[in-house]
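Structure first, commentary second.
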Amino acid sequence: MLREMTKHPFYVLLHPFQGFWDLKYENKGKLRVALVILLLLTVSTIVLRQFAGFVVNFNYPYDLNSIYELQNIVLPFFLWCVANWSLTTLMDGEGKFKEIVMASGYALLPLVLIRFSNTLISNVITLRESAFYYMLDTIAVLWFVWLLFIGIMTVHQYTVTKTIVTMLLTILVMGIITFLGLLFFSLLQEMLGFVLSIYTEISLRI
């Protein structure tokens, strides 16, 4: 069971074109595996911020909040998936929401592996060797972007140019959704405050 869950994500890591093709057309991708990778990314980020060596760790341990870290990873992830699905539905994309979640989740694997590794490395390196730590972190981000690009291109069957445009527009749509969400909650808060003030006024008069 564990071997089946880990085999394809690592195959995608090294053979992204064939890996994402198999994910979409050979049903080798698993939604639960993508969600486990997302959870592991959250754990690896919390561990890195909490236990990284003092040479590269500028966080104050007592200020760290695991729930906040969870929100900073999980919410943007699903916001990306919703925004991409909404946009590609209008742009003749062939990817289903489940496939977008799986492709995006599998693309996170380099971040998970290197953040766990960097936690260990950061505790044995010196200040001069910290460049190696930041180099690995940069490689992880670039590897993630590369995998995400290929994953989105494959699940939607887009060209390179259309994939780039779609990803940039997805980021824009994420901003719009965030703005509308904040606006909605702000208006809801104002309405609740208004109703509460009317209720209080009526209660005092009665």
Side-chain angles (χ1 to χ4, degrees), residues 20 23-24 29 31-32 34-46 48-50 58-60 63-112 114-115 137-138 140-200:
F20 283 116
L23 181 147
K24 180 176 176 63
L31 182 60
R32 63 177 180 272
L35 296 179
V36 167
I37 294 173
L38 177 62
L39 177 62
L40 287 175
L41 176 61
T42 304
V43 173
S44 66
T45 302
I46 293 172
L48 180 65
R49 293 186 184 277
Q50 187 76 38
F58 305 105
N59 300 304
Y60 188 61
D63 289 338
L64 295 175
N65 188 323
S66 298
I67 301 300
Y68 183 72
E69 296 295 340
L70 183 67
Q71 292 174 343
N72 278 348
I73 295 173
V74 175
L75 289 181
F77 175 84
F78 284 107
L79 185 59
W80 161 270
C81 294
V82 170
N84 187 261
W85 175 76
S86 302
L87 183 66
T88 53
T89 299
L90 303 174
M91 297 178 64
D92 300 321
E94 296 183 11
K96 302 174 183 177
F97 181 74
K98 178 182 176 182
E99 293 170 347
I100 296 171
V101 173
M102 288 192 296
S104 301
Y106 279 43
L108 296 172
L109 189 56
L111 295 175
V112 175
I114 293 184
R115 284 185 181 178
D137 193 53
T138 302
V141 173
L142 293 176
W143 200 349
F144 157 68
V145 173
W146 172 242
L147 291 177
L148 184 63
F149 170 77
I150 298 173
I152 295 299
M153 183 171 63
T154 303
V155 297
H156 292 301
Q157 287 298 286
Y158 281 165
T159 62
V160 171
T161 303
K162 193 170 183 178
T163 303
I164 294 173
V165 171
T166 301
M167 293 178 72
L168 293 175
L169 288 176
T170 298
I171 296 173
L172 178 62
V173 173
M174 289 173 66
I176 294 173
I177 293 175
T178 303
F179 172 75
L180 292 176
L182 292 174
L183 182 62
F184 171 76
F185 284 112
S186 177
L187 291 173
L188 185 62
Q189 187 177 19
E190 292 290 334
M191 289 175 62
L192 290 175
F194 177 70
V195 172
L196 184 61
S197 64
I198 292 177
Y199 173 78
T200 304

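Nothing here was measured: the structure is a model prediction, and the numbers come from that model. Atom set for the values below is all heavy atoms of this structure, side chains included, hydrogens, waters and symmetry mates excluded.
- Remark: F144 engages no residue in a ring pair (Phe, Tyr, Trp, His ring centres under 6.0 Å) (not counting sequence neighbours).
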Residues 168-181 side chain polar contacts: donor-acceptor under 3.5 Å, at least two apart:
| from | atom 1 | to | atom 2 | distance (Å) |
| --- | --- | --- | --- | --- |
| T170 | OG1 | N84 | ND2 | 3.1 |
| T170 | OG1 | T166 | O | 2.7 |
| T178 | OG1 | M174 | O | 2.8 |

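- Under the side chain to side chain contact (heavy atoms under 4.5 Å, CB included) criterion, S197 pairs with F194, not counting sequence neighbours.
- Contacts classified as ring pair (Phe, Tyr, Trp, His ring centres under 6.0 Å) and involving residues 147-167 (residues at least two apart or in different chains) are given here: H156-Y158.
- Across every non-hydrogen atom of M102 and A34, the tightest pair is CA-CB, 3.7 Å.
- T42 pairs by the side chain to side chain donor-acceptor pair (under 3.5 Å) definition with nothing, not counting sequence neighbours.
- Separating the CG atom in L108 from the CG atom in L147 is a distance of 9.5 Å, to the nearest 0.5 Å.
- Residues passing the side chain to side chain contact (heavy atoms under 4.5 Å, CB included) test with K96 are E99, sequence neighbours excluded.
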After noting the C-alpha distance and the side-chain angles of L111 and V141, does the key distance pass the side-chain contact (heavy atoms from CB on, under 4.5 Å) rule?
CA-CA 7 Å; L111 295 175; V141 173; 4.2 Å; yes
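- I164 CD1 to T159 OG1: the interatomic distance, rounded to the nearest 0.5 Å, is 8.5 Å.
- Within the 4.5 Å cutoff, the side chain of S86 has heavy atoms near those of the V82 side chain.
- Side-chain contact between D92 and Q157: absent, with no pair of heavy atoms (C-beta onward) separated by less than 4.5 Å.
- Here W143 pairs with nothing under the side chain to side chain donor-acceptor pair (under 3.5 Å) rule; sequence neighbours left out.
- Taking both residues in full, the closest heavy atoms of L35 and V101 are given as CD2-CG1, 4.4 Å, listed atom of the first, atom of the second, then distance.
- For S186, the side chain to side chain contact (heavy atoms under 4.5 Å, CB included) criterion is met by no residue, not counting sequence neighbours.
- How far OH of Y106 is from CD1 of I150: 16.0 Å, rounded to the nearest 0.5 Å.
- Between W80 and L148, some side-chain heavy-atom pair lies under the 4.5 Å cut-off.
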Would F20 and I152 satisfy side-chain contact (heavy atoms from CB on, under 4.5 Å), going step by step from the backbone distance to the final call?
CA-CA 9 Å; F20 283 116; I152 295 299; over 6 Å; no
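- Atom CH2 of W85 has 12 or fewer neighbouring heavy atoms from other residues, nucleotides or ligands inside a 6.0 Å radius.
- Among all heavy-atom pairs drawn from I114 and A140, the shortest one is CD1-CB, 3.5 Å.
- Under the rule for a side chain to side chain donor-acceptor pair (under 3.5 Å), T88 has no partner lying at least two apart in sequence or in another chain.
- Under the salt bridge (Lys or Arg N to Asp or Glu O under 4.0 Å) criterion, R49 pairs with E69, sequence neighbours left out.
- With rounding to the nearest 0.5 angstrom, the CG atom of L188 is 11.0 Å from the CG atom of L183.
- Annotation: the span from M153 atom CE to T161 atom OG1 amounts to 10.5 Å, rounded to 0.5 Å.
- Legend: residues meeting side chain to side chain contact (heavy atoms under 4.5 Å, CB included) with Q71, ordered by chain and number and at least two apart, are I67, Y68, L75.
- Taking CG of L187 as the start and CG of L192 as the end, the distance is 11.0 Å to the nearest 0.5 Å.
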